[in-house]
J.: 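Okay, here's the structure, questions in a sec.
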Amino acid sequence: MTKNKKLLLIDGNSVSFRAFFAMHNVLDKFVSDDGIHTNAMYAFNNMLDIILREEKPTHALVAFDAGKTTFRTEMFSDYKGTRAKTPPELMEQLPLIQEMLNLRGIKTYDLKNYEADDIIGTMSRKGEIEGMDVSIITGDRDLTQLTTDKVTVRVNVKGVTETEAYTPEHVKEKLGITPDQIIDMKGLMGDNSDHYPGVEKVGEKTAIKLLNQYGTMEGLYEHVDEMKKSKLKEHLINDKAQAFLSKKLATINCDAPVELKIGDLEYQGDNQEQLIKFYQKMNFNSFLEKMDVEVESSTKELPKIEFSELNDEAIEKIYNYEQPQTLIVESFGENYHVSPIIGLVIESNGHYYGTTDIAILENDKLKNWLADDSKEKYIFDNKKTVALLRRYGCELAGISFDMLLVSYLLDTNDNKTDIGIVAQNYGHQLPTEDEFYGKGVKKAIPEDEQILLNFLCQKAQVINILHDKMFSELKANDQDSLYDEIELPLSNVLASMEIKGVKVDATRLKEMQNDFAKRLDDIEQQIYTEAGQEFNINSPKQLGVVLFEDLKLPVIKKTKTGYSTAVDVLEKLKDKSAVVQKVLDYRHISKINSTYAVGLQKFIQPDNRIHTIYQQTLTQTGRLSSIEPNLQNIPIRVEEGRQIRRAFVPQDDDWEMFSADYSQVELRVLAHISGDENMQEAFKEDYDIHAHTAMRIFGLDSTDEVTPDMRRKAKATNFGIVYGISDYGLSQNIGITRKEAAQFIDSYFEQYPGVKKYMEDIVKFARENGYVETIMHRRRYLPDIHSKNFNIRNFAQRTAMNTPIQGSAADIIKVAMINMQKRIKDENLQANLLLQVHDEMIFEAPKSEIPLLEKIVPSVMDSAVKMDVPLKVGFAHGKSWYEAK
DNA sequence: CGCATCACG
DNA sequence: ACGTACGTGATGCGG
């Protein structure tokens with residue numbers, strides 16, 4: 001009779017904490033009508049839906065902590081001593097979470113002097129005695145000590161909606177010990193967040209090792225005298241009392257005086273009527289929709305802005321108005337090089353004018369207004385708007401405020417290219433594109449054009465409202481010239497590069513595709529023969545089975561999901577089986593074929609050109625990125641791939657491709673900002689920098705003594721320095737031991753003491769200011785620099801070292817692009833700037849202009865920014881991109 | 001839709 | 001004791 005009963009026990013406090021921080025980034029967006037935050041309630045309820053669906057409990061209880069003092073604080077006054085105070089925004093939600101749970105038919109409970117854990121432990125044992133299956137939901141791994149054959153503990157991972165289920169087997173698999181041994185482990189290792197000590201220098205790994213040997217802490221201490229002399233033994237003996245206390249603290253009390261009987265916990269299901277009221281008060285529209293309750297239209301619809309038709313009369317007013325006006329040009333579709341304009345709104349002197357009749361773009365006065373540089377305009381995403389309008393025969397000028405660019409400069413994390421998100425980050429209600437148009441199959445233009453135009457008016461309004469605030473933040477950050485002189489002008493340069501596009505020879509790509517297809521077929525057959533079976537070579541999973549199980553090759557590296565079959569692994573296995581080299585060949589050709597030979601053809605437009613989109617507000621460092629397609633990763637390192645570049649051609653037969661690139665910009669930037677005299681000298685004297693580095697770190701007298709291998713290692717070290725060096729990373733990269741790598745780094749810093757100082761100073765700066773910046777004051781915030789997590793903190797430190805270098809290099813080429821575009825115009829050249837690949841610019845130009853470009857381009861590039869070391873530029877030209885290198 | 005892999009700087 | 005190089009985007013697989 002009790003056979004099908006299922007008891008669900010939830011650790012209310014720990015799940016609430018998890019829920020709160022999982023949705024911490026949207027804290028200010030989840031507020032009830034009464035001004036109470038609701039993010040944790042929302043996430044908790046989301047999780048509850050999933051758990052109820054999966055577990056189908058007959059009985060349920062959510063346990064909470066009763067207060068700060070418990071029997072544990074009596075045993076150890078400092079228990080949870082360093083625990084930060086619960087944020088008030090969560091505090092106010094805790095009673096409401098209980099109320100919500102009760103409305104959902106679930107009992108809540110707390111008990112003076114005991115923690116939620118103890119209530120859960122106690123009730124789980126009671127349930128077990130009655131023969132029930134028990135599921136425990138918690139954010140706290142320590143509860144896995146409660147797992148038995150009948151009790152499963154599900155621990156939240158990544159937020160709250162996902163859990164990892166611990167059975168005794170899973171505990172064993174994950175930790176290598178039994179659930180009973182967890183308290184012994186905690187006793188030995190202590191707990192930082194609960195703030196109890198354990199044994200010095202013993203962490204998880206050591207604790208588990210000891211427990212595998214001795215079973216329990218008691219067993220361990222019986223034999224501690226027999227251990228051979230070591231620091232570990234000393235610590236164990238010294239901290240014995242602490243360890244036993246910690247074990248007690250870690251032990252969940254399964255015999256707490258809980259006055260509940262299992263019968264009291266019957267799951268009641270939702271109290272529909274009350275719950276609807278509750279959800280309405282909390283503005284939980286998505287939960288209401290799930291309950292099939294009509295969501296009040298007032299909560300769903302945007303507030304209305306009065307607007308009138310954008311017609312000839314309105315245009316007259318707009319044209320004659322002298323103050324800044326705000327322009328919204330709305331398109332619908334994925335890629336703005338092909339998607340149509342669906343609406344226009346202009347805000348002028350507090351009035352809004354809108355239309356969905358795109359024929360208005362033929363109005364000459366409007367055209368003039370758009371193109372007039374003296375008519376000041378506010379906008380969101382200048383580059384996109386320029387590209388859209390150009391397809392409709394309109395020019396755009398006079399932009400002073402591009403809210404997208406400004407928001408990116410203020411914080412590179414706010415880069416979502418979605419005005420709704422930027423608005424929400426500043427506390428303004430504006431739907432995102434997904435929210436307004438819908439996602440996936442549901443995505444559509446609203447049938448009622450009034451609704452669409454109202455949305456556009458809302459966008460215009462937000463731009464107006466935020467202009468002053470964002471601009472003053474920009475000034476306060478000393479970023480106004482970065483905006484005025486770099487990002488805004490650059491957006492126009494990028495727009496013309498995208499619009500111009502680059503000519504691609506589809507016929508050549510097709511030929512390559514056919515050739516690759518034949519070769520792939522051939523290699524495929526050879527692989528099948530040698531492997532003795534047919535399988536999907538492109539599936540790392542299937543390939544792993546063939547290589548490591550059937551062919552029994554040694555496993556060198558594993559991934560989360562199985563065997564690694566990455567290049568560096570296969571390179572090491574080349575000698576073991578002939579099939580490995582063939583797999584490498586297959587992969588290589590398959591990549592080039594699918595991504596480039598085949599992939600690029602899909603992007604060739606009727607004008608025979610490819611129009612990429614440069615993302616100007618995406619990267620954390622200030623670089624550009626290129627999408628649909630990515631033209632910044634066209635192959636070059638391996639000849640077969642490099643052939644792809646033959647398909648990139650100039651627009652006419654008597655034109656050529658011309659490419660110019662900075663040599664070693666990042667190292668030059670490092671030499672400049674670190675002020676290191678030795679590195680600066682190397683660049684001033686135009687030495688071979690890697691050979692020079694080799695000479696220094698290997699202690700040679702002249703670069704003549706540098707062997708190619710020394711140079712290779714020095715080069716890798718230089719790269720490593722730029723990336724924020726670690727001995728491990730360097731050792732992996734050049735195949736030396738970690739120790740050797742550490743020595744490399746030491747002698748590097750000895751030779752370049754300025755670099756060492758820079759690395760130390762920049763991390764310190766990041767810690768003190770919370771951000772780092774480039775030579776042009778581009779900022780990157782690094783909140784992780786204070787993380788308690790070793791890995792996360794180290795990553796932030798490397799980022800602090802790398803970002804000013806990579807970012808300043810990005811600043812430099814951006815200036816060069818702007819100057820170059822201007823120069824082309826001033827000199828009346830036909831040449832077009834087509835592409836940027838981080839440290840190089842690619843042009844097409846009539847052959848007759850090449851000699852001039854050879855003079856102009858390098859001089860514009862190397863004079864872009866004044867630094868303490870010279871910039872050096874190389875260049876080449878030819879009948880395709882392949883030759884221009 | 002996340003993961004592994006690999007293309008570029 | 002921890003587990004790494006910095007910054008990107010596209011593809012194919014498989015749940």
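Computed from heavy atoms alone, side chains included, the values below leave out hydrogens, waters and symmetry copies. A note on names: the letters A, B, ... follow the listed sequences, proteins ahead of strands, and every chain is numbered from 1.
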J.: Taking only the P atom of each, what is the distance from B:dC8 to C:dG3 in whole angstrom?
T.: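 After rounding to an integer number of Å, I get 31 Å for this pair.
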
J.: Any donor-acceptor pair under 3.5 Å linking the side-chain atoms of A:Glu200 with those of A:Asn238?
T.: no

J.: Which residue pairs pass the side-chain hydrogen bond (donor to acceptor under 3.5 Å, both in side chains) test when at least one of the two sits in residues 793-802 of chain A, sequence neighbours left out?
T.: none

J.: Once you round it to whole Å, what is the distance between C1' of B:dC8 and CD of A:Gln806?
T.: 12 Å

J.: First and last nucleotide of DNA chain C in contact with chain A, 5' to 3', at under 4.0 Å to a heavy atom: what are they?
T.: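 Range of nucleotides touched by chain A: C:dA1 to C:dG15.
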
J.: Taking the side chain from A:Tyr563 and the backbone from A:Pro540, do they hold a donor-acceptor pair closer than 3.5 Å?
T.: no

J.: Give a yes/no on whether any side-chain N or O of A:Arg637 is located under 4.0 angstrom from OP1 or OP2 of B:dC8.
T.: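 Answer yes for this pair, as a side-chain N or O of A:Arg637 is under 4.0 Å from OP1 or OP2.
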
J.: Is there a side-chain contact between A:Arg767 and A:Val763 in this structure, where contact means two heavy atoms from C-beta onward sitting under 4.5 Å apart?
T.: yes

J.: Residues from residues 713-726 of chain A sitting under 4.0 Å of DNA chain C, heavy atoms only?
T.: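 Correct list: A:Ala716, A:Gly720, A:Tyr723, A:Ile725, A:Ser726.
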
J.: Rounded to the nearest Å, what distance is computed from the CD atom of residue A:Gln542 to the P atom of nucleotide B:dT5?
T.: 14 Å

J.: Pick one: which of A:Thr206, A:Leu211, A:Asn212 meets side-chain contact (heavy atoms from CB on, under 4.5 Å) with A:Ile208?
T.: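 Filter result, single survivor: A:Asn212.
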
J.: I'd like to know if A:Arg587 and A:Glu571 make a salt bridge, using a cut-off of under 4.0 Å between side-chain N and carboxylate O.
T.: no

J.: Report the distance from atom CG of A:Leu600 to atom P of B:dA7, rounded to the nearest whole Å.
T.: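 Answer to the nearest Å: 14 Å.
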
J.: Taking the P atom in each of C:dT4 and B:dC3, what is the distance between them to the nearest angstrom?
T.: 14 Å

J.: So, using ring-ring contact (aromatic ring centres under 6.0 Å, His included) as the criterion, who are the partners of A:Tyr596 when residues are at least two apart?
T.: none

J.: How is A:Ser626 classified with respect to the nucleic acid when contacts are heavy atoms under 4.0 Å: base, sugar-phosphate, or nothing?
T.: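 Since only primed, P, OP1 and OP2 atoms lie under 4.0 Å of A:Ser626, the category is sugar-phosphate.
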
J.: Do we see a donor-acceptor contact under 3.5 Å between the side chains of A:Gln632 and A:Tyr614?
T.: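 No pair is found: no donor N or O on one side chain lies under 3.5 Å from an acceptor on the other.
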
J.: Check salt bridge (charged side-chain N to carboxylate O under 4.0 Å, His left out) between A:Glu628 and all other residues, then give those that pass, not counting sequence neighbours.
T.: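 Result, salt bridge (charged side-chain N to carboxylate O under 4.0 Å, His left out) vs A:Glu628: none returned.
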
J.: Rounded to the nearest Å, what distance is computed from the CG atom of residue A:Asn593 to the P atom of nucleotide B:dA7?
T.: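 About 13 Å, once rounded to whole Å.
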
J.: Between P on B:dG9 and CG on A:Leu631, what's the gap in Å once rounded to a whole number?
T.: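 A:Leu631 atom CG is separated from B:dG9 atom P by 13 Å.
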
J.: Is the number of heavy atoms from other residues, nucleotides or ligands within 6.0 Å of NZ (A:Lys201) greater than 12?
T.: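 At most 12 heavy atoms, drawn from other residues, nucleotides or ligands, come within 6.0 Å of this atom.
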
J.: Between atom OH in A:Tyr662 and atom P in B:dC8, what is the gap in whole Å?
T.: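 So the two atoms are 23 Å apart, to the nearest Å.
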
J.: Rounding to an integer number of Å, can you tell me how far A:Lys557 NZ sits from B:dA4 P?
T.: 11 Å

J.: Looking across every strand, which nucleic acid part, if any, lies under 4.0 Å from A:Asn794 by heavy atom: base, sugar-phosphate, or nothing?
T.: base

J.: For DNA chain C, what is the dot-bracket line, given that a base pair needs Watson-Crick (N1 to N3, plus N6-O4 or O6-N4) or G-U wobble (N1-O2 and O6-N3) geometry with both distances under 3.5 Å, and | means paired with another strand?
T.: .....|||||||||.

J.: What's the CD-P distance between A:Gln632 and B:dG9, to the nearest Å?
T.: 10 Å

J.: So among A:His611, A:Lys383, A:Lys384, which one has a side chain to side chain donor-acceptor pair (under 3.5 Å) with A:Glu498?
T.: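 Running side chain to side chain donor-acceptor pair (under 3.5 Å) over A:His611, A:Lys383, A:Lys384 with A:Glu498 returns exactly one hit, A:Lys383.
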
J.: Looking at the rings of A:Tyr752 and A:Tyr748, which for Trp means the six-membered one, are their centres under 6.0 Å apart?
T.: yes

